[in-house]
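If you read the sequence from its start, that first residue is 1, and numbering goes on from there.
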Amino acid sequence: MMRRLVLVLMLCGLNVPTGAAELKALPPNTEPPPLALPDLHGREHTLAEYRGKVVLLNFWASWCPPCVREMPSMQRLNAALKNRPFVIVTVNMDETREEITAFLQKLKIHEFVVLMDRGGKVLQRWKVHVFPTSFVLDADGKLRYAFAGAPEWDEGKVRKQIEGLIAEAAAKRKAATPATKP
C-alpha cells in the first residue's frame, strides 16, 4: 500500500524541464530531522558524521523511474566534486539489501553512501511525499535546499548552488584559521 501511495505521488507534478531546475531555498538555520539508518553492510550512519561537508541527501527507490533517471547525473556530480568537501548520502525506501545491490550494480553506481529505511520511518520524519526528494545540507549540518523531482545534478543552477555551499564552507574555514606571519 505504501509503495502505491508513493508511486501515485511520484507521478504527479514532476514535469520540471531539466534546464529550469533550481533547488528551493529553505529558511536560514533550519535543523534537519533526525536520521540514523544502517547502510548496506549494517553500519549505522547519522548526519553528524558528515559535518564539515556539503551533503546531498536523496530519498529514492529502484522502482521509481525519475529516481533511476537522476542517478547517473548524481554519479557525475560526485565525480566532479570528488576532492572537495561533498558527499552524496542516499536513503532507499523499503527495499531489501539484495534489491538495492542489484539495482546499483545494473546502473554501475558505486560511490554513494546508501542507507536503508525499512518501514519508511525516516521518510515520514522528513515529510517526503514524492520520489525522488532531495535535501542539501551545508557544512554546518543545516538544511539549505530541497528539491522534489529529478534534476540533472551536474548541470546548471543546481550544480552552482551546491558549489556555492562548498565555497561558503571553504571561506568559513579560511576565516576561522589564524593568520600566520611570514
Side-chain angles (χ1 to χ4, degrees), residues 6 9-10 14 16 21-41 43-62 64 66-82 84-95 100 103-104 107 109-155 157-169:
V6 172
L9 292 171
M10 175 192 69
L14 292 182
V16 177
E22 183 174 353
L23 302 173
K24 177 186 170 199
L26 299 173
N29 296 313
T30 302
E31 289 289 335
L35 186 145
L37 290 170
D39 64 18
L40 296 173
H41 307 289
R43 180 178 160 257
E44 187 166 291
H45 293 249
T46 65
L47 289 175
E49 69 189 79
Y50 300 107
R51 285 276 161 84
K53 294 183 179 187
V54 172
V55 177
L56 169 55
L57 179 65
N58 176 264
F59 290 86
W60 67 283
S62 68
C64 157
C67 299
V68 175
R69 189 174 67 242
E70 80 175 340
M71 287 281 178
S73 71
M74 289 170 61
Q75 177 103 346
R76 291 189 304 270
L77 177 66
N78 197 53
L81 301 177
K82 186 173 183 112
R84 301 188 60 199
F86 174 75
V87 64
I88 295 176
V89 177
T90 66
V91 178
N92 177 271
M93 171 56 194
D94 212 20
E95 293 182 276
I100 298 167
F103 171 79
L104 295 172
L107 284 185
I109 303 293
H110 48 79
E111 295 182 21
F112 303 161
V113 175
V114 180
L115 307 179
M116 299 179 358
D117 187 13
R118 302 291 293 158
K121 289 182 180 155
V122 170
L123 179 95
Q124 291 172 359
R125 198 174 300 134
W126 281 72
K127 296 180 174 53
V128 173
H129 303 291
V130 175
F131 276 5
T133 291
S134 299
F135 298 93
V136 181
L137 290 83
D138 64 22
D140 295 326
K142 305 291 186 192
L143 283 171
R144 295 290 293 272
Y145 297 109
F147 194 86
E152 288 295 320
W153 288 101
D154 61 327
E155 296 178 1
K157 291 178 184 176
V158 170
R159 180 170 173 169
K160 286 179 183 170
Q161 287 174 292
I162 291 171
E163 288 178 335
L165 288 179
I166 294 169
E168 180 183 294

Here the gap from H45 atom NE2 to Y50 atom OH, rounded to the nearest 0.5 Å, amounts to 4.5 Å

A139 meets the side-chain contact (heavy atoms from CB on, under 4.5 Å) criterion, sequence neighbours left out, with A169

Please walk me through it: do L115 and L35 pass side-chain contact (heavy atoms from CB on, under 4.5 Å)?
CA-CA 10 Å; L115 307 179; L35 186 145; 3.7 Å; yes

Test side-chain contact (heavy atoms from CB on, under 4.5 Å) on L40 and L104; report intermediate values, then the result. CA-CA 11 Å; L40 296 173; L104 295 172; 4.1 Å; yes

Exercise. Find out whether I100 and M116 are in side-chain contact, i.e. whether some heavy atom of one side chain is under 4.5 Å from a heavy atom of the other.
Key: yes

Residues at least two apart in sequence or cross-chain that pass ring pair (Phe, Tyr, Trp, His ring centres under 6.0 Å) with W153, listed by chain then number, are none

With sequence neighbours left out, the residues meeting side-chain contact (heavy atoms from CB on, under 4.5 Å) with A25 are Y145

Closest heavy-atom pair, K157 versus A21, reported as atoms and distance to 0.1 Å, is CB-O, 3.6 Å

Minimal heavy-atom distance between P66 and P132, with the atoms involved, is CB-CD, 3.5 Å

Of all heavy-atom pairs linking P32 and L143, the shortest is CA-CD1, 3.6 Å

H110 meets the side-chain contact (heavy atoms from CB on, under 4.5 Å) criterion, sequence neighbours left out, with Q75

E111 meets the salt bridge (charged side-chain N to carboxylate O under 4.0 Å, His left out) criterion, sequence neighbours left out, with none

Under 4.5 Å between any side-chain heavy atoms of L137 and L57, yes or no?
-> yes

Applied to residues 129-151, the salt bridge (charged side-chain N to carboxylate O under 4.0 Å, His left out) test, sequence neighbours excluded, yields E31-K142, D138-R144, D140-K172, R144-E168

Distance col, row N58:CG vs C67:SG, nearest 0.5 angstrom, shows 6.5 Å

Sorted by chain and residue number, the side chain to side chain donor-acceptor pair (under 3.5 Å) partners of N92 (sequence neighbours excluded) come out as E95

Give the intermediate values and the outcome of side-chain contact (heavy atoms from CB on, under 4.5 Å) for residues F147 and L56.
CA-CA 10 Å; F147 194 86; L56 169 55; over 6 Å; no

Between the CD1 atom in I88 and the CD1 atom in I162, the distance rounded to the nearest 0.5 Å is 7.5 Å

Interatomic distance, CD@E22 vs NZ@K160, rounded to 0.5 Å, equals 11.0 Å

For R84, the side-chain contact (heavy atoms from CB on, under 4.5 Å) test, sequence neighbours excluded, returns L81, E163, I166

Notebook entry, point to check: Side-chain contact, heavy-atom cut-off 4.5 Å: P33 with V122?
Noted result: no

* Asked: Distance-only, no hydrogens or angles: does the T90 side chain make a donor-acceptor pair with backbone N or O of V113 under 3.5 Å?
  -> yes

E44 and A36 have their tightest heavy-atom pair at OE2-CB, 3.6 Å

CZ of R69 to CE of M74, rounded to nearest 0.5 Å, is 13.0 Å

Salt bridge (charged side-chain N to carboxylate O under 4.0 Å, His left out) pairs touching residues 115-137, sequence neighbours excluded, are D94-R118

Heavy-atom side-chain contact between M93 and V128 under 4.5 Å = no

Value for OG (S62) from CG (L107), rounded to nearest 0.5 Å, stands at 9.5 Å

Working note: T133 + W126, criterion side-chain contact (heavy atoms from CB on, under 4.5 Å); need CA distance, chi angles, decisive distance, verdict. CA-CA 10 Å; T133 291; W126 281 72; over 6 Å; no

Sorted by chain and number, sequence neighbours left out, ring pair (Phe, Tyr, Trp, His ring centres under 6.0 Å) with F103 holds for W60

